[in-house]
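Below is one structure, written out as C-alpha cells; comments come after it.
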Amino acid sequence: GAGVSQSPSNKVTEKGKDVELRCDPISGHTALYWYRQSLGQGLEFLIYFQGNSAPDKSGLPSDRFSAERTGGSVSTLTIQRTQQEDSAVYLCASSPQTLNTGELFFGEGSRLTVL
Amino acid sequence: GDSVTQMEGPVTLSEEAFLTINCTYTATGYPSLFWYVQYPGEGLQLLLKATKADDKGSNKGFEATYRKETTSFHLEKGSVQVSDSAVYFCALSDRSGGSNYKLTFGKGTLLTVNP
C-alpha cells in the first residue's frame, strides 16, 4: 500500500520487557514523526526526524525511550524496561516537507499494553 | 507553550443535525490551524486547515474559520451523517517558533451520529 505502515498493530508485554515498534513511512517523505495517544490525553509529540538533520527528541518522556531512522526511511521506536504507564497507542506519521503548509499522513498505530 | 483546548465529548447527534465542535488555542506566534479526523480502525487524516486569520477551511461539508480575535477554530457541519461518526482533533503548528514542524493536538472529541 501507499500509506504509512506500522507494526505490530497490537503488542502485549510484561512490565520490564523491552519493545520495538516499527514505522515504514510513505516513500519519498523526508519528515517522520512519532506521537503517543493515551486515553483522555490526546496526542503527545515524541520525536521528529527530517532528512539527515539531528532529530528533535524533546518529546521523549524518559531515557527509556529511543528512536532511530535508518537510511532516511524506516524508523524504530524502542521502549526499554516497559512500565504500565507506557500503555498507549503509538502513532507514526510522515510528511513530504516541513509543516508550514503541508499535512501529516498517519499510520493506524501500534497499540501497546503493558501488564 | 502552545496548547489546544477542544470541547469534551462524547457528542451524540441524530442524523441531519447541526454539529459544532469548539476549539480554542494558545500560541506564542501565528499558527496554522488544522482539524484531523480519526474514523474507527483508521489512522488520523487531515480534514481541513487554515493558515491565516479569517481563512475558512472546508472539506466534506465541514467548515472552520480561523478567528484570531477569539483564538478559535470551531468545526461546523450543517447536516451530519452516520458516516461522520469519528474522533475529531483540533491542532496547530506555530510557524514563528523554531518548532514549526510540530503539530500540537487537542484531546479529541468523539462524535457519534445515530440514524
Side-chain angles (χ1 to χ4, degrees), chain A residues 1-7 9-10 21 23-26 29-51 53-60 69 88-111, chain B residues 1-10 21 23-27 29-52 55 57 59 64 66 86-110:
Chain A
V4 175
S5 178
Q6 293 188 245
S7 61
S9 55
N10 278 285
L21 307 176
C23 173
D24 199 345
I26 293 172
H29 282 194
T30 57
L32 187 146
Y33 305 73
W34 284 97
Y35 279 83
R36 179 167 67 176
Q37 184 177 16
S38 304
L39 191 63
Q41 296 300 314
L43 275 74
E44 174 188 7
F45 169 81
L46 297 178
I47 189 168
Y48 163 78
F49 296 91
Q50 173 61 274
S53 302
D56 178 350
K57 304 180 181 180
S58 61
L60 295 178
R69 188 178 185 191
V89 177
Y90 290 83
L91 298 175
C92 178
S94 68
S95 174
Q97 59 190 24
T98 53
L99 197 56
N100 278 346
T101 58
E103 69 182 90
L104 266 57
F105 296 80
F106 282 85
E108 293 183 18
S110 292
R111 180 177 297 277
Chain B
D2 297 342
S3 66
V4 175
T5 302
Q6 60 182 105
M7 63 186 286
E8 299 272 339
I21 301 178
C23 172
T24 57
Y25 66 89
T26 302
Y30 194 175
S32 293
L33 302 174
F34 305 82
W35 277 100
Y36 276 76
V37 59
Q38 186 177 31
Y39 297 105
E42 298 184 15
L44 273 80
Q45 56 187 272
L46 180 66
L47 179 61
L48 54 84
K49 66 182 181 183
T51 58
K52 61 182 187 293
D55 266 3
N59 187 23
Y66 189 141
V87 182
Y88 292 82
F89 293 90
C90 186
L92 69 82
S93 70
D94 190 344
R95 291 169 291 166
S96 64
S99 302
N100 63 345
Y101 46 80
K102 290 183 192 174
L103 277 179
T104 300
F105 286 88
K107 293 185 177 182
T109 302
L110 173 63

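Residue numbers start from 1 in every chain, and the chains themselves are labelled A, B, ... in the order their sequence lines are given, proteins ahead of strands. Below, each value reflects all heavy atoms present in this structure, side chains not excepted, and no hydrogens, waters or symmetry copies.
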Inter-residue atom distance B:L47.CG - A:E103.CD, 0.5 Å rounding
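B:L47 atom CG to A:E103 atom CD measures 10.5 Å (nearest 0.5 Å).
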Atom CZ of A:F106 and atom CG of B:L103: how far apart are they, to the nearest 0.5 Å?
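Rounded to the nearest 0.5 Å, the CZ-CG separation comes out at 6.5 Å.
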With respect to chain A, which residue among B:E8, B:Q45, B:K107 yields the maximal number of heavy-atom pairs within a distance under 4.5 Å?
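Most heavy-atom pairs under 4.5 Å with chain A: B:K107.
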Would a distance-only check, ignoring hydrogens and angles, find a side-chain to backbone donor-acceptor pair under 3.5 Å from B:Y36 to A:L104?
yes
Given a strict heavy-atom distance threshold of 4.5 Å, which part of B:Q6 is in contact with chain A: side chain, backbone, both, or neither?
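Neither part, no heavy atoms under 4.5 Å.
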Residue part contacting chain A, namely of B:E42, when any heavy atom lies under 4.5 Å
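Backbone only.
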Which atom of B:K102 lies closest to which atom of A:Y35, heavy atoms considered:
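Scanning both residues completely, I find the closest heavy atoms to be C-OH, 4.1 Å.
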Between A:E108 and B:G43, which heavy-atom pair has the shortest distance, and what is it?
CG-N, 3.8 Å
Side chain / backbone / both / neither for A:Q37 at chain B, heavy atoms under 4.5 Å
side chain
Name the region of A:S38, side chain, backbone, both or neither, that has any atom closer than 4.5 Å to a heavy atom of chain B.
neither
